Structure formats: C-alpha cells, structure tokens
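Read through the structure below, which is laid out as structure tokens, and then see the notes.
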Amino acid sequence: MSWLPSLLTDTPESGYELAIKLSRMAVKKTQPDDDTRSKLRADYANNADSLTMVSNVVATNFQTVAQANNYWRD
Ligand code: HEM
C-alpha cells in the first residue's frame, strides 16, 4: 500500500500529523539505514536549533497539506 494515498485529512490536527509524516519520510528516504538514524537521533533531539529546524520543515509541509484541504473550510 502507498505510504501517501492522499493529502486529504478530516481535521487540521490530522493534517499536521501528515505533515510530520512527510517530514520524517524525507529523512528516512535520504538516510535509509535505521541504525544511522538511531545514532543521530540523540543529536537533534537535544539541540534547540535542530528542533527549531524540524519545526520549520513540518510547518512548510503543513502549508501544502492545508492548501490541499482548502484549509478545512468546506
Ligand atoms: C523520532 C519527527 C528528523 C531520527 C521522532 C519522533 C518524531 C520525529 C515526532 C517521535 C516519534 C515517537 O516517539 O512517536 C522528526 C521530524 C524530523 C525528524 C519532523 C525532520 C523534519 C530526524 C532525523 C533523524 C531522526 C534527521 C536522524 C537522522 C529519529 C529516530 C527516532 C525519531 C531514530 C526514533 C526515536 C525513538 O524511537 O526513541 N522523530 N524527526 N529524525 N527520529 Fe525524528
């Protein structure tokens, strides 16, 4: 099954979860090795600037998801 069957979500909150998923998938696809990602986890999880960058990436993806859902206005 596709990991991204649709950009449509029922609520803004589930849209935000999708934005996180998109962001994490980018990391997984660029670094497919599980052990390497596990090793690097502690670095970013304990670095304020890294966490701020994470937040920025998620915000960018959330823009796309929100637009695809017409900002849940319908
Ligand atoms: C865990 C988001 C970048 C490696 C997590 C979790 C979130 C998250 C929400 C917690 C999942 C949970 O406990 O249910 C993101 C986002 C990223 C990002 C949005 C980028 C925009 C990265 C990078 C790495 C990484 C760059 C390493 C190269 C991991 C690993 C875990 C994790 C190994 C699992 C930790 C555990 O199970 O204790 N990430 N992450 N992530 N992340 Fe990231």
Side-chain angles (χ1 to χ4, degrees):
M1 202 232 178
S2 164
W3 67 271
L4 184 57
S6 173
L7 286 178
L8 300 181
T9 66
D10 287 339
T11 64
E13 190 169 340
S14 50
Y16 196 80
E17 292 300 322
L18 179 57
I20 292 173
K21 184 177 179 180
L22 291 171
S23 306
R24 295 188 79 185
M25 276 305 280
V27 173
K28 195 173 178 181
K29 283 181 175 289
T30 47
Q31 179 44 269
D33 187 78
D34 290 351
D35 288 345
T36 303
R37 287 199 315 277
S38 293
K39 271 188 211 126
L40 294 173
R41 162 72 172 165
D43 286 354
Y44 90 85
N46 293 291
N47 182 288
D49 288 344
S50 296
L51 292 169
T52 303
M53 277 190 270
V54 164
S55 177
N56 196 0
V57 172
V58 173
T60 301
N61 281 317
F62 185 65
Q63 285 185 354
T64 304
V65 174
Q67 205 173 355
N69 286 276
N70 195 26
Y71 302 92
W72 296 276
R73 281 184 187 126
D74 303 332

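Just so it is clear, the model here is predicted, and its values are computed rather than measured. Both counts, for ligands and for their atoms, begin at 1 and track the order of listing.
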query = Does an N or O from Y44, backbone or side chain, lie closer than 3.5 Å to an N or O of ligand 1?
reply =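 Between Y44 and ligand 1 (N or O atoms, distance only) the closest approach is under 3.5 Å.
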Which heavy atom of the protein is the closest neighbour of [atom], given with residue, atom name and distance?
atom                    : value
atom 30 (C) of ligand 1 : R41 CD, 3.6 Å
atom 27 (C) of ligand 1 : R37 O, 3.5 Å
atom 26 (C) of ligand 1 : V27 CG1, 3.7 Å
atom 9 (C) of ligand 1  : I20 CG2, 4.2 Å

Verify [atom]: protein non-hydrogen atom under 4.0 angstrom away:
atom                     : value
atom 4 (C) of ligand 1   : yes
atom 36 (C) of ligand 1  : no
atom 43 (Fe) of ligand 1 : yes
atom 39 (N) of ligand 1  : yes
atom 14 (O) of ligand 1  : no

Spacing of [atom1] belonging to [X] relative to [atom2] belonging to [Y], to within rounding of 0.5 Å:
X   : Y   : atom1 : atom2 : result
R24 : L22 : CZ    : CG    : 12.0 Å
T30 : R37 : OG1   : CZ    : 8.5 Å
S38 : Q31 : OG    : CD    : 10.0 Å

Please give me the minimum heavy-atom distance between [X] and [Y], naming the atom from each residue.
X   : Y   : answer
L7  : V65 : O-CG1, 3.9 Å
S6  : L18 : O-CD2, 3.9 Å
W72 : F62 : CH2-CE1, 3.8 Å
N61 : S23 : ND2-OG, 2.9 Å

Would you mind listing which atoms of ligand 1 come within a distance below 4.0 Å of any non-hydrogen atom of [X]?
X   : value
L40 : 27 (C), 28 (C)
V58 : 19 (C)
V57 : 21 (C)
S23 : 19 (C), 21 (C)

ask   = Can Y44 be reached from L40 by stepping across I, L, V, M, F, W or Y side chains whose heavy atoms are under 4.5 Å apart?
value =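 Different clusters: L40 never reaches Y44 through Ile, Leu, Val, Met, Phe, Trp or Tyr contacts under 4.5 Å.
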Residue pair T11, Y16: steps toward the side chain to side chain contact (heavy atoms under 4.5 Å, CB included) verdict = CA-CA 9 Å; T11 64; Y16 196 80; over 6 Å; no
ask   = Considering only heavy atoms, which of R24, E17, K21 lies nearest to atom 8 (C) of ligand 1?
value =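 It is R24 that holds the nearest heavy atom.
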key: Option of least heavy-atom distance to atom 16 (C) of ligand 1 (set: N61, D35, V54)   =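 Result: the heavy atom closest to atom 16 (C) of ligand 1 is in V54.
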task = Mind checking whether T36 contacts ligand 1 via backbone (N, CA, C, O), side chain (CB onward), both or neither, at a 4.0 Å heavy-atom cut-off?
result =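 For T36, there is no contact with ligand 1 at all, from either part.
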message = The test is side-chain hydrogen bond (donor to acceptor under 3.5 Å, both in side chains); show your working for S55 and T52 and say whether it passes.
response = CA-CA 5 Å; S55 177; T52 303; over 6 Å; no
Heavy atoms of other groups near D10 CG, more than 12 under 6.0 Å =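 Incorrect, the count does not exceed 12.
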